[in-house]
Amino acid sequence: MVLDGVPATRCWLTTHRGAECASSGSPNGGRRIWSRCRPPHRKDTMSDNVDVRDNPAQHRYEIAVDGELAGFAVYYLEKERIVFIHTEVAIAYEGQRLGSRLARQALDDVRQRGLRVVPACPFIARFIKIHPEYQDLTRRGQSSRAVLGEHDE
């Protein structure tokens, strides 16, 4: 199903007694119903104004859409390695491949800087696993375990 040109997702609707279902217009007597609809909180990222940048002061790569922070990948530097520990995309931007775009551009920057990657973050680890062009950034036999709190500033 497509609503307003955007694929619909399944979401949980609750309406007040006697109110109409948002997608069908029929009264539901206040019951919870499954409905196919586009979540109202989701923002479309059809904009070409998507920017990924390193924010060393915050120890993270950030992705912004139209100047608004949409997600980030937290890291710390350890000698010649960068340890990615957490990646997050705002709920309003989920499902729009911004996490993959963030990972790709962050890893491209890491390659350009000549650093090795320790993917302690499950998202970054999975991204590298399914994108062989980034697997050279990790060393064979190198532990992906990182000790938090013990790193260079």
Side-chain angles (χ1 to χ4, degrees), residues 1-15 21-23 32-153:
M1 175 185 249
V2 175
L3 296 172
D4 300 325
V6 177
T9 58
R10 187 165 237 199
C11 66
W12 190 247
L13 288 181
T14 303
T15 58
C21 170
S23 62
R32 288 185 174 189
I33 57 169
W34 278 108
S35 176
R36 302 284 291 173
C37 66
R38 187 172 86 186
H41 62 276
R42 175 144 304 159
K43 296 185 181 185
D44 296 327
T45 57
M46 300 309 259
S47 170
D48 290 333
N49 194 10
V50 177
D51 181 43
V52 175
R53 65 187 171 276
D54 183 15
N55 182 344
Q58 296 282 325
H59 300 279
R60 66 188 191 182
Y61 282 90
E62 300 173 337
I63 188 164
V65 177
D66 293 327
E68 182 179 331
L69 182 65
F72 54 86
V74 180
Y75 66 83
Y76 67 85
L77 295 172
E78 186 179 79
K79 298 179 183 167
E80 298 299 316
R81 303 185 318 166
I82 185 167
V83 181
F84 284 99
I85 57 174
H86 179 69
T87 300
E88 189 171 316
V89 171
I91 292 172
Y93 294 100
E94 284 182 346
Q96 299 179 43
R97 306 199 48 84
L98 289 179
S100 294
R101 189 166 179 176
L102 172 62
R104 181 177 307 281
Q105 291 185 16
L107 293 171
D108 287 344
D109 184 61
V110 167
R111 182 187 310 279
Q112 186 176 25
R113 293 167 57 186
L115 298 172
R116 290 285 177 188
V117 174
V118 176
C121 165
F123 180 83
I124 297 292
R126 188 181 50 155
F127 184 87
I128 291 171
K129 182 178 181 178
I130 64 175
H131 293 88
E133 65 271 26
Y134 294 106
Q135 291 175 3
D136 64 306
L137 293 174
T138 61
R139 289 191 182 120
R140 292 257 180 236
Q142 176 179 342
S143 173
S144 64
R145 295 183 65 191
V147 179
L148 300 179
E150 295 182 19
H151 60 278
D152 299 333
E153 286 290 327

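When a residue number appears, it is its place in the shown sequence, counting from 1. Quick caveat, the model's predicted, so the values are computed rather than measured.
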Practice task
Supply the atom-to-atom distance Arg60 CZ to Leu102 CG, rounded to the nearest 0.5 angstrom.
Solution key: 10.5 Å
Practice task
Kindly say whether Asp136 contributes a backbone atom to a donor-acceptor pair with the side chain of Arg116 at under 3.5 angstrom?
Solution key: yes
Handout entry: Passing candidate, side-chain contact (heavy atoms from CB on, under 4.5 Å) with Leu107, options Ile82, Leu137, Leu115
Key = Leu137
Practice task
Evaluate the side-chain proximity of Arg104 to His131: yes if any heavy-atom separation is below 4.5 Å, no if none is.
Solution key: yes
Practice task
Using a 4.5 Å cut-off on heavy atoms from C-beta on, say whether the side chain of Tyr134 contacts that of Asp108.
Solution key: yes
Handout entry: Backbone N/O of Gln135 and side chain of Thr138: donor-acceptor pair under 3.5 Å
Key = yes
Practice task
Any chance you could lay out the side-chain hydrogen bond (donor to acceptor under 3.5 Å, both in side chains) test for Tyr61 and Asp109, step after step, and finish with the verdict?
Solution key: CA-CA 10 Å; Tyr61 282 90; Asp109 184 61; 2.5 Å; yes
Practice task
Please step through salt bridge (charged side-chain N to carboxylate O under 4.0 Å, His left out) for the pair Arg111 and Glu133, ending with a clear verdict.
Solution key: CA-CA 11 Å; Arg111 182 187 310 279; Glu133 65 271 26; over 6 Å; no
Problem - Check: Gln58 and Phe72 side chains under 4.5 Å, non-hydrogen atoms - result: no
Exercise for the section: Any chance you could lay out the side chain to side chain contact (heavy atoms under 4.5 Å, CB included) test for Phe84 and Val110, step after step, and finish with the verdict? Expected result: CA-CA 11 Å; Phe84 284 99; Val110 167; 4.1 Å; yes
Exercise for the section: Take Asp54 and Arg113 through the salt bridge (charged side-chain N to carboxylate O under 4.0 Å, His left out) test and state the conclusion after the steps. Expected result: CA-CA 12 Å; Asp54 183 15; Arg113 293 167 57 186; 3.3 Å; yes
Handout entry: Residues Gln96, Arg101; criterion side chain to side chain contact (heavy atoms under 4.5 Å, CB included); working and verdict
Key = CA-CA 9 Å; Gln96 299 179 43; Arg101 189 166 179 176; over 6 Å; no
Practice task
Kindly determine whether Leu98 and Val50 satisfy side chain to side chain contact (heavy atoms under 4.5 Å, CB included), including the steps that lead there.
Solution key: CA-CA 9 Å; Leu98 289 179; Val50 177; 4.2 Å; yes
Handout entry: Geometric class of the His59/Tyr75 ring pair [parallel <30°, tilted 30-60°, perpendicular >60°]
Key = perpendicular
Exercise for the section: Just do the side chain to side chain contact (heavy atoms under 4.5 Å, CB included) check on Ile85 and Cys121 with the steps written out, would you? Expected result: CA-CA 4 Å; Ile85 57 174; Cys121 165; 5.6 Å; no
Practice task
Indicate yes or no: at least one non-hydrogen side-chain atom of Phe123 is less than 4.5 angstrom from one of His86.
Solution key: no
